[in-house]
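Every heavy atom of this structure was used, including side-chain atoms; hydrogens, water molecules and symmetry mates were not.
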Amino acid sequence: MAAPIVILDNGAFQAKIGLASADEPRLIPNCITKSKSERRKHFIGNQIEECRDLSALYYMLPFQKGYLVNWDVQRQVWDYMFGKELMALDCPDTTAVITEPYFNFSSIQEAMNEIFFEEYQFKGLLRINAGTLSAHNRKSEHPDHRCCMIVDSGYSFTHVAPYYNSQKVAEAIFRLNVGGKLLTNHLKEIISYRQLHVMDETYVMNQVKEDVCYVSSQFYKDMDIAKLKGKENIVCRDYVLPDFQDIKRGYVKEEAFGKQKPNEQIVRMNNERFAVPEILFHPSDISIQEMGISESIVHSINSTPEEMRPHLYQNIVLTGGNCLFPGFRERVESDVRSLAPVEYKVQVTLPKSPVTYAWEGGKIMTESKEFAKLIVTKKQYDEEGQNICFDKFDV
């Protein structure tokens, strides 16, 4: 029987983990949280579901600005994920596939090799970019398409990366320092300034963002609607905040401008609904002097060889949590269409599950004949040390 393979898409917000034999991964928050009301206890990963009072949560995150910097926190999350409570892995008998960001620092790569081989003693290891796994997934869906453009908009960053035959075109990869964390923080600031102090309520405001925000296809038109009063304003939504006694999770009220019940605390979401995700397309709105997603895609494609360009425009794939905003795919497609040369066809695809798309690509990769050549075994690492990892892993 072949040794089990575990695939870990180690995102800054959520880790996607599962055995290659599983149908889908488990989604685990990649953090340790403490609650104000339950000071003594801390919750690792999805233990947060046991927490009764989710107000004013204190987060300890392993990632800062998209890089793994807090190894103590990350180790505790990994211990929990690999341990009896979740995956119950026998590490010395298991091969691990783990993702890391593009342009990762060599010191972080070294530490990762050490932890996986020396502490957990995994049988084999493959470190790889999440985008490469997504490209692999796309190639398996459309074997005749050699080129694809992976847009990965996650928690810390948005990466735009062109691929040819599942190999990245390194000089054309672009990073935007805009992701889900920035959007949530911006929403907290706006609501705190206009309505209610919510600067400590990261968890709740993240839910508000996910439940209510959308990407506008006609920004100025929506802005005009948001200025209207009463029923004519079809943009406005009232969001009922949780009190963690009667209301465990916040929700959108069916009718805006309705009567407020005595025990309800409401946040009125008007132009915030589309102005917050708009930052992904115009970071300059909040003084980040960078291109938006659509411009970056065009800029990246223009940095590739000319013969690849028409194929890349036809095969843009969206992954990552921010792609779940309603209207995201349509907006990217219309923006890129307006910026691209007229003779090129533009097609943007949103997979069924953009969050787990890379993990699914990892699953497909482990089934290929090439997989055994890509990994570094514990035996090779013991003989040759860090060098073999730097030779083999193309990150």
Does the distance from a Lys or Arg side-chain N to an Asp or Glu carboxylate O, for D224 and K221, drop under 4.0 Å? no
Short question: side chain of T319, backbone of V151 - any donor-acceptor pair under 3.5 Å?
-> yes
In terms of heavy-atom contacts, Q76 and I44 come closest through O-CG2, 3.9 Å
Scanning both residues in full, the closest heavy-atom pair of Q109 with N104 reads NE2-O, 3.1 Å
request  = Give a yes or no on whether the backbone of I5 and the side-chain of T95 come within a donor-acceptor separation of less than 3.5 Å.
outcome  = no
So OG1 of T158 and CG of N177: to nearest 0.5 Å the spacing works out to 9.0 Å
Without placing hydrogens or testing angles, list every side-chain donor-acceptor pair under 3.5 Å for residues 10-26, not counting sequence neighbours.
residue, atom, partner, partner atom, Å
N10, OD1, N30, ND2, 3.4
N10, OD1, W78, NE1, 3.3
N10, ND2, Q74, OE1, 3.2
K16, NZ, Q14, O, 3.1

Verdict with supporting geometry, D222 and I225, side chain to side chain contact (heavy atoms under 4.5 Å, CB included)
CA-CA 5 Å; D222 281 358; I225 295 170; 4.1 Å; yes
- [ ] Look at the side-chain heavy atoms of Ile, Leu, Val, Met, Phe, Trp and Tyr, link any pair under 4.5 Å apart, and say whether L8 and V355 land in one connected group.
- [x] no
Across all chains, not counting sequence neighbours, the salt bridge (charged side-chain N to carboxylate O under 4.0 Å, His left out) partners of K65 are none
Is L126 reachable from M87 through a run of hydrophobic residues whose side-chain heavy atoms are each under 4.5 Å from the next? yes
Given side chains that start at C-beta, do those of Y102 and K168 come closer than 4.5 Å, heavy atoms only? yes
Distance-only polar pair, side chains of T202 and K188, donor-acceptor under 3.5 Å:
yes
Check your understanding: Could you walk me through whether K363 and E360 pass the salt bridge (charged side-chain N to carboxylate O under 4.0 Å, His left out) check?
Key -> CA-CA 5 Å; K363 180 178 160 72; E360 289 156 14; over 6 Å; no
Closest non-hydrogen atoms of V204 and P242, given as atom of the first, atom of the second and distance, are CG1-CD, 3.8 Å
One should read off an interatomic distance between C236 SG and L228 CG, to the nearest 0.5 angstrom, of 11.0 Å
- Task: Anything under 30° is parallel, anything over 60° is perpendicular, the rest tilted; go ahead and classify F274 against Y214.
- Result: tilted
R331 to F281 six-membered ring, cation-pi geometry met (6.0 Å, 45°):
yes
*Using the rule that two of Ile, Leu, Val, Met, Phe, Trp, Tyr join whenever any of their side-chain heavy atoms come within less than 4.5 Å, decide whether I316 and Y164 are in one cluster.*
yes
Scanning both residues in full, the closest heavy-atom pair of G320 with D152 reads CA-OD1, 3.8 Å
Just by distance, do the side chain of R237 and the backbone of M269 share a donor-acceptor pair under 3.5 Å? no
Note: E333 and V348 closest approach over all heavy atoms is OE1-N, 2.9 Å
**Study point:** Co-membership, hydrophobic cluster, residues I364 and Y357, 4.5 Å side-chain
**Key:** no
Quiz item: Can E295 and H299 be counted as having a side-chain donor-acceptor contact under 3.5 angstrom?
Solution: no
Between the CG atom in N206 and the CG atom in N185, the distance rounded to the nearest 0.5 Å is 9.5 Å
- prompt: Do the side chains of Y59 and L27 join up, straight or via other hydrophobic residues, at under 4.5 Å, putting them in one cluster?
  reply: no
Taking every heavy atom of K139 against every heavy atom of N165, the minimum-distance pair comes out as CE-OD1, 3.4 Å
(Q) Contact between S153 and L280 at the side-chain level, heavy atoms closer than 4.5 Å - yes or no? (A) yes
R175 side chain reached by I173 side chain, heavy atoms, under 4.5 Å: no
Kindly say whether L176 contributes a backbone atom to a donor-acceptor pair with the side chain of E290 at under 3.5 angstrom? no
Salt bridge (charged side-chain N to carboxylate O under 4.0 Å, His left out) filter on D211, not counting sequence neighbours, yields R249
Query raised in the report: Would you find a donor on one side and an acceptor on the other, under 3.5 Å apart, between the side chain of N270 and the backbone of A226?
Result: yes
CE (M149) and OH (Y163) are apart, to the nearest 0.5 Å, by 10.5 Å
**Asked** Does the T356 side chain pair with the main chain of W359, one donor and one acceptor, at a distance under 3.5 Å?
**Response** no
* **V235 vs N271 side-chain heavy atoms within contact, under 4.5 Å** => no
Checklist line | Residue pair L196 / L241, side-chain heavy-atom distance below 4.5 Å | finding: yes
Does any part of the side chain of V215, heavy atoms only, come nearer than 4.5 Å to the side chain of P277, both counted from C-beta? yes
> What do the steps show when you test K379 against D382 for salt bridge (charged side-chain N to carboxylate O under 4.0 Å, His left out), and what is the final call?
Replying inline: CA-CA 5 Å; K379 192 176 170 195; D382 289 344; over 6 Å; no
Looking only at atom types and distance, does a side-chain atom of R329 sit under 3.5 Å from a main-chain N or O of C323, one as donor and one as acceptor? no
Rounding to 0.5 Å, atoms NZ (K378) and CD (Q121) come to a distance of 4.5 Å
Point to revise | N/O donor-acceptor pair under 3.5 Å between S300 side chain and S296 backbone | key: no
Just checking, is any N or O donor in the side chain of Q265 or D243 under 3.5 Å from an acceptor N or O on the other one?
no
Set out, in order, the CA-CA distance, both residues' side-chain angles and the distance that settles salt bridge (charged side-chain N to carboxylate O under 4.0 Å, His left out) for D79 and R75, then state yes or no.
CA-CA 6 Å; D79 286 346; R75 265 202 202 88; over 6 Å; no
Exam field: side chain N322 to backbone G154, donor-acceptor pair closer than 3.5 Å:
yes
* Is atom NZ of K248 surrounded by more than 12 heavy atoms (other residues, nucleotides or ligands) closer than 6.0 Å? -> yes
For E306, look at atom CD and say whether over 12 heavy atoms of other residues, nucleotides or ligands are found less than 6.0 Å away. no
The residue among K209, H186, R194 that forms side-chain hydrogen bond (donor to acceptor under 3.5 Å, both in side chains) with E272 is R194
Over 60° means perpendicular and under 30° means parallel, so tell me whether Y344 and Y313 are parallel, tilted or perpendicular. tilted
Handout entry: Stepwise ring pair (Phe, Tyr, Trp, His ring centres under 6.0 Å) check, F105 with Y67
Key = CA-CA 8 Å; F105 295 110; Y67 292 110; 4.7 Å; yes
- Message: Donor-acceptor pair, distance only, cut-off 3.5 Å: does the side chain of S192 make one with the backbone of V198?
- Response: yes
Next item on the list: Inspect the surroundings of CD in E383 and state if more than 12 heavy atoms from other residues, nucleotides or ligands are less than 6.0 Å away.
Entry: yes
d(S287 OG, D285 CG) to nearest 0.5 Å is 9.0 Å
* Asked: Are M308 and R146 close enough that some pair of their side-chain heavy atoms sits under 4.5 Å apart?
  -> no
| field | Test of ring centre spacing under 6.0 Å for F122 and F82 | value | yes
Practice item. Dump the intermediate steps for side chain to side chain contact (heavy atoms under 4.5 Å, CB included) on L61 and V73, then the final yes or no. Key: CA-CA 7 Å; L61 300 167; V73 171; over 6 Å; no
